[in-house]
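Below, all heavy atoms of this structure are taken into account, side chains as well, without hydrogens, waters or symmetry copies.
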Amino acid sequence: MTRQIILRVLVLTTIVSSCKNDNYIEGNIGLQLYSLREQFSKDVPGTIAQIKSWGINVIEGGENTYGIEESKFIDLLNKNGIKTASVGASFEELKDNPKEVLRRAKAFGASYVMCAWISHTDDYFNIENAKEANKIFNEAGKLLKENGVSLVYHPHGYEFKPYEDGTMFDYMIKNAQNYDFEMDVYWVVHGGENPMRLFERYPNKFKLMHLKDMKVGTVGNTTGHGDVEDNVVLGTGMIDIEALVLKGKELGVEYMFIEDESSRSVEQIPQSLEFLRKI
């Protein structure tokens with residue numbers, strides 16, 4: 001093979017690889033709408049248009065339509081070409097009214113339902129809370145699964161307290177029959193766990209991800225609470241976002257949602273997108 005042919009092959013490989021990455025960014029990297037809660041409270045149509053202007057075509061949200069009718073909110077998403085891959089649901093709703101959760105998922109055309117918090121007392125999450133949640137998630141997950149929707153739970157940090165030979169999260173994931181998980185890499189680290197080790201230990205259990213970086217020097221805890229201003233642009237903090245994105249993609253994580261809870265989210269989200277496009 002001549003040197004000229006080799007160079008052409010290398011160029012073609014680079015172009016194909018770049019196109020594949022662009023397609024993944026366009027179809028599989030989205031935004032968790034909570035990132036723009038302040039903006040939505042003032043201007044729903046404008047905020048949805050802003051999301052579209054960033055080149056984001058996939059979102060997670062829908063449990064809050066910020067004062068407008070659900071049908072109008074869905075119509076705005078559709079007019080902007082934005083797909084709802086995952087809708088949120090509270091723990092109480094999954095417990096008391098899972099049929100409403102299913103109705104909402106179907107209305108938005110979502111293939112996933114995500115729960116991000118298990119109700120418990122005074123920040124003290126214990127194994128009884130975990131067992132109750134496991135029962136509720138398995139029951140609600142069965143109903144959703146039978147209707148073509150997958151339930152995922154988003155650990156928030158308090159689940160990583162020790163239990164037996166592991167943690168309460170290990171108990172939950174080993175007993176999850178009708179639900180899977182969404183890994184929020186920030187809250188995993190904040191709770192004292194290693195997200196890469198979780199991927200390696202449970203390679204088939206994480207269907208979605210939240211991409212969120214943590215300011216260098218942040219001290220975590222197992223309460224599930226922290227300072228939202230510790231959210232920084234992806235790739236500038238203390239979490240190896242690039243390695244986790246690549247690992248998640250390798251394992252078949254279907255959607256990864258940028259979530260930026262800080263007051264700087266409007267400025268930081270485009271920078272985070274730019275970082276992801278360079279991976």
Side-chain angles (χ1 to χ4, degrees), residues 30-35 37 58-65 70 84-121 123 125-161 167-188 190-191 193 195 198 202 205-212 222-226 253-257 259 261:
L31 181 70
Q32 162 54 244
L33 295 190
Y34 187 72
S35 306
R37 58 199 178 280
V58 182
I59 59 96
E60 179 178 67
E63 66 275 21
N64 188 343
T65 58
E70 180 184 271
T84 304
S86 173
V87 296
S90 71
F91 182 68
E92 291 75 16
E93 196 175 19
L94 286 167
K95 177 182 178 182
D96 300 328
N97 197 2
K99 289 183 179 179
E100 170 58 19
V101 175
L102 175 61
R103 183 210 61 78
R104 184 163 65 249
K106 291 293 187 179
F108 275 87
S111 52
Y112 289 93
V113 166
M114 178 276 291
C115 179
W117 191 267
I118 297 169
S119 298
H120 56 282
T121 305
D123 296 330
F125 185 79
N126 58 40
I127 191 59
E128 295 308 317
N129 297 131
K131 289 180 177 180
E132 179 193 20
N134 196 65
K135 179 177 181 293
I136 289 167
F137 291 153
N138 276 325
E139 289 175 355
K142 183 174 185 293
L143 172 68
L144 293 169
K145 186 188 297 184
E146 289 171 347
N147 289 275
V149 179
S150 299
L151 175 63
V152 294
Y153 173 60
H154 163 312
H156 227 94
Y158 46 76
E159 308 86 351
F160 300 115
K161 294 174 183 175
T167 66
M168 286 182 282
F169 178 75
D170 290 312
Y171 167 84
M172 291 186 69
I173 204 167
K174 289 173 182 176
N175 290 279
Q177 297 174 337
N178 295 318
Y179 71 101
D180 289 297
F181 294 82
E182 177 177 58
M183 182 189 289
D184 184 311
V185 298
Y186 180 100
W187 288 114
V188 170
H190 202 271
E193 187 53 274
L198 285 184
Y202 304 111
K205 295 301 290 184
F206 295 99
K207 306 304 180 183
L208 308 176
M209 287 176 71
H210 277 183
L211 302 178
K212 185 188 307 177
T222 54
T223 68
H225 299 293
V253 172
E254 189 169 2
Y255 296 105
M256 304 183 189
F257 302 103
E259 185 179 38
E261 299 185 56

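Considering every non-hydrogen atom in both V113 and A89, the closest pair reads CG1-CB, 3.7 Å. Considering every non-hydrogen atom in both T223 and H225, the closest pair reads OG1-N, 3.1 Å. Contact detail for N138 and N175: the closest heavy-atom pair is ND2-O, 3.1 Å. Minimum interatomic distance between M114 and S86 (heavy atoms only, all atoms of both residues): CB-OG, 3.6 Å. When every heavy atom of V58 is checked against every heavy atom of A85, the shortest pair comes out as CG1-CB, 3.7 Å.
One finds the OH atom of Y179 at 10.0 Å from the SG atom of C115 (value rounded to the nearest 0.5 Å). The line from OH of Y34 to CD of E60 is 13.5 Å long, rounded to the nearest 0.5 Å. Taken from NE2 in H120 to CG in N126, the straight-line distance is 9.0 Å, to the nearest 0.5 Å. To the nearest 0.5 angstrom, I127 atom CD1 is 6.0 Å from Y171 atom OH. Note that the CG atom of L33 and the CD1 atom of I59 stand 4.0 Å from one another [nearest 0.5 Å]. Rounded to the nearest 0.5 angstrom, L151 CG and L143 CG are separated by 10.0 Å.
In this structure E146 satisfies the side chain to side chain contact (heavy atoms under 4.5 Å, CB included) test together with K142, sequence neighbours excluded. Applying the ring-ring contact (aromatic ring centres under 6.0 Å, His included) criterion to Y112, with sequence neighbours excluded, gives no partner residue. Judged as a ring-ring contact (aromatic ring centres under 6.0 Å, His included), and not counting sequence neighbours, the contacts of H190 are Y186, W187. Residues forming a side-chain hydrogen bond (donor to acceptor under 3.5 Å, both in side chains) with E259 (at least two apart in sequence, or on another chain): H210, K212. Annotation: ring-ring contact (aromatic ring centres under 6.0 Å, His included) contacts of F160 (sequence neighbours excluded): F169. By the side-chain hydrogen bond (donor to acceptor under 3.5 Å, both in side chains) test, Q177 is found to be paired with no residue, residues two or more places apart in sequence or in another chain being considered. Residues satisfying the side-chain hydrogen bond (donor to acceptor under 3.5 Å, both in side chains) test with E63, not counting sequence neighbours, are none. Remark: K161 engages no residue in a side-chain hydrogen bond (donor to acceptor under 3.5 Å, both in side chains) (not counting sequence neighbours). Looking at residues two or more places apart in sequence or on another chain, you find a ring-ring contact (aromatic ring centres under 6.0 Å, His included) between F206 and F199.
Taking the side chain as every heavy atom from C-beta outward, Y153 and E159 approach each other to under 4.5 Å. P195 places a side-chain heavy atom less than 4.5 Å from the side chain of M183. Annotation: side chain of M168 is not in contact with side chain of T222 (no heavy-atom distance under 4.5 Å). When side chains are defined from C-beta on, V149 does not count as touching V87, because their heavy atoms never get closer than 4.5 Å. The shortest distance between side-chain heavy atoms of D184 and E182 does not fall below 4.5 Å.
Distance alone, capped at 3.5 Å, places no donor-acceptor pair between the N134 side chain and the A130 backbone. A donor-acceptor pair under 3.5 Å is absent between the side-chain atoms of D180 and the main chain of V152, judged by distance alone.
The stretch residues 127-140 participates, sequence neighbours left out, in these salt bridge (charged side-chain N to carboxylate O under 4.0 Å, His left out) pairs: K95-E132, K135-E139.
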Expected list for residues 99-108: side-chain donor-acceptor pairs under 3.5 angstrom, two or more places apart:
| from | atom 1 | to | atom 2 | distance (Å) |
| --- | --- | --- | --- | --- |
| E100 | OE1 | R103 | NE | 3.0 |
| E100 | OE2 | R103 | NE | 3.2 |
| E100 | OE2 | R103 | NH2 | 2.9 |
| R103 | NH1 | E70 | OE2 | 3.0 |
| R103 | NH2 | E70 | OE1 | 3.0 |
| R103 | NH2 | E70 | OE2 | 3.4 |
| R104 | NH1 | E93 | OE2 | 2.9 |
| R104 | NH2 | G88 | O | 2.8 |
| R104 | NH2 | E93 | OE1 | 2.9 |
| K106 | NZ | N147 | O | 2.6 |

